[in-house]
Amino acid sequence: MSANIPFEIQEKIIKKNLSVKSLLQFRSVSKQWKSLIDSSEFITYHTQSHPEHLLIRYIPGGSDRVKYEDKYVSIVDDDSFPDHKCPPFVPPTVKFLALPSMIDSSHGLVCLHGVTRDQGNVKKLIVLWNPLVRKSVGIAIPGGAHEVISFGVCPKTSDPKIVKITRCPIDNEATAEVFTLSSGAWRNVSMNMPFKSKSLQFFHTQVVLDGVIYWISYDNITDKFTIYSFDLASEEFGEPVDFANNLGTRHLRPYNISKINESLVVLSYHVANNLTPKPFCDVWMMLKNGVPKPSFRKLFTVDDVQVDSIIGFRKNGQPIILQTHRRNDELEVSEPCWEHNNGLGIYGSTFKMTSYTESLLLLNHSDSFSFSDR
């Protein structure tokens, strides 16, 4: 670009090109451009407008269950879906995980949780991975057994955070710790008394929206389901949200949570029985409406699905579901309005999925591990 064009104008032109691939190439044009694109202000700006992708992890059909190999596929979630799908570059830190589970994604970072493949020194590990800039960071989880591991990026600072809730095996009291990538250290955070209830059990599925992490919990004494939350900016736990009465109880329906665009949804599964010949799932959206106690509205019903067979949603709200065949599962996209499914041509087992956006986070990090206990 001509040196006669003021840098302020050049900056505006660069900001209009939000493709991560192009921005990575732009970094080699000049020192000024590299400095601009690498700056925290530009990285934060870039996360505000970007296309979405679906990232799917699975074990391919026919794999040896002992010597399995995790596979990943990324699909652009736009009008071309599912034509633009390709295997992303998988960094060594991700390959170091055995049977990783996908916790969630936030600001373009995918969070994986598992144990190291090193049998001589097994450690519980979190990996934060940006598939588009091909960078990842591994973080060891200190301590023993934990109740919940969660993840999200603080919207104010763009600092990735990990939340760990642990229960003491002796008195069953719960404590919470937070790890921030900028500090590279864990520290304690205070908890609300209701959150520390000894009868409370937390589901491992989480959703992070607008800088807030949400979980489902179940109280063994009251037989009630509740949604708890954690604000990544203030690092405070929110007031619990009870399920609406028409969402049922534990004895009637299994539950899970997910998200459609920037809304939290509750998946209410109905198992087959004498009254319900075929299983199905009701999808409920949580509505905040600016009130302290959110309400729930039913969006649609997905017919003939087993418990936990809905592994996520497209940006347009279409569910991605598992259909079991003789030897393998196949991923399909459901169209509830038309009452039919379309296969995605991906076969295997142990499917996990999350949606992620284009982001430059971790651009200035090298692939590394953090094994600090505190």
Side-chain angles (χ1 to χ4, degrees), residues 55-57 70 72 88-119 121-155 157-167 174-189 202-209 211-215 230-232 235 257 312 350 352-357 359 361-374:
L55 182 67
I56 298 164
R57 173 224 168 254
D70 300 316
Y72 294 86
F89 170 79
V90 181
T93 43
V94 174
K95 293 181 179 180
F96 198 50
L97 285 176
L99 277 177
S101 61
M102 282 185 175
I103 293 181
D104 205 349
S105 67
S106 178
H107 289 63
L109 298 188
V110 176
C111 182
L112 304 173
H113 175 215
V115 296
T116 59
R117 293 182 183 272
D118 183 1
Q119 297 299 317
N121 187 25
V122 176
K123 290 180 178 291
K124 294 179 181 178
L125 196 67
I126 285 284
V127 172
L128 305 182
W129 174 26
N130 186 330
L132 289 173
V133 302
R134 301 184 172 190
K135 295 291 186 69
S136 63
V137 177
I139 301 146
I141 304 173
H146 55 265
E147 182 84 3
V148 179
I149 285 286
S150 293
F151 156 78
V153 175
C154 176
T157 64
S158 295
D159 194 6
K161 297 184 179 184
I162 299 168
V163 181
K164 179 169 76 84
I165 300 175
T166 306
R167 283 195 184 275
T175 57
E177 296 173 85
V178 171
F179 176 94
T180 56
L181 186 60
S182 61
S183 69
W186 294 86
R187 53 187 169 75
N188 293 325
V189 294
F202 289 90
F203 290 28
H204 289 285
T205 307
Q206 72 150 65
V207 167
V208 58
L209 293 167
V212 178
I213 300 173
Y214 296 91
W215 307 270
F230 178 81
D231 190 301
L232 289 160
E235 297 189 352
I257 57 173
T350 323
K352 300 293 181 182
M353 189 192 90
T354 189
S355 60
Y356 68 97
T357 53
S359 164
L361 287 178
L362 300 188
L363 179 62
N364 299 316
H365 285 75
S366 58
D367 287 332
S368 60
F369 291 94
S370 173
F371 292 107
S372 174
D373 288 339
R374 285 293 184 273

Take the angle between the ring planes of Trp186 and Phe179 and call it parallel below 30°, perpendicular above 60°, tilted in between.
tilted
Non-hydrogen atoms of [X] and [Y] that approach each other most closely:
X      : Y      : result
Arg57  : Met102 : CB-CE, 3.7 Å
Trp215 : Val148 : NE1-CG1, 3.1 Å
Leu128 : Pro160 : CD1-CB, 3.8 Å
Leu361 : Asn130 : O-ND2, 2.8 Å
Pro100 : Asp70  : CD-OD2, 3.3 Å
Ile126 : Ile149 : CD1-CG2, 3.4 Å

Sequence-distant partners of Ser182, side chain to side chain contact (heavy atoms under 4.5 Å, CB included), two or more places apart
Asp159, Thr180
Apply side-chain contact (heavy atoms from CB on, under 4.5 Å) to residues Phe203 and Ile257 and explain how you reach the verdict.
CA-CA 9 Å; Phe203 290 28; Ile257 57 173; over 6 Å; no
Please tell me if the side chains of [X] and [Y] come closer than 4.5 Å, counting only heavy atoms from C-beta onward.
X      : Y      : value
Tyr356 : Leu132 : yes
Tyr214 : Leu209 : yes
Ile139 : Ile162 : yes
Lys135 : Val133 : yes
Trp129 : Leu112 : yes
Val153 : Leu232 : no
Leu125 : Val115 : no

Pair Glu235-Val178, side-chain contact (heavy atoms from CB on, under 4.5 Å): steps then yes or no:
CA-CA 8 Å; Glu235 297 189 352; Val178 171; 3.9 Å; yes
Hey, what do you get for [atom1] ([X]) to [atom2] ([Y]), rounding to the nearest 0.5 Å?
X      : Y      : atom1 : atom2 : result
Leu109 : Ser359 : CG    : OG    : 5.5 Å
Ser150 : Ile165 : OG    : CD1   : 6.5 Å
Lys164 : Ile141 : NZ    : CD1   : 8.0 Å

Indicate yes or no for a side-chain donor-acceptor contact from [X] to the backbone of [Y] under 3.5 Å, with no hydrogens or angles considered.
X      : Y      : value
Gln206 : Phe151 : yes
Lys161 : Leu181 : no
Ser105 : Thr354 : no
Ser101 : His113 : yes

Taking only residues two or more places apart in sequence, or in another chain, which ones meet Asp104 in a salt bridge (charged side-chain N to carboxylate O under 4.0 Å, His left out)?
Lys259
Give a yes-or-no answer on whether the side chains of Thr166 and Thr175 include a donor-acceptor pair shorter than 3.5 Å.
no
Kindly list each side-chain donor-acceptor pair under 3.5 angstrom involving residues 88-97, sequence neighbours excluded, with atom names and distances?
{"from": "Thr93", "atom 1": "OG1", "to": "Ser136", "atom 2": "OG", "distance (Å)": "2.0"}

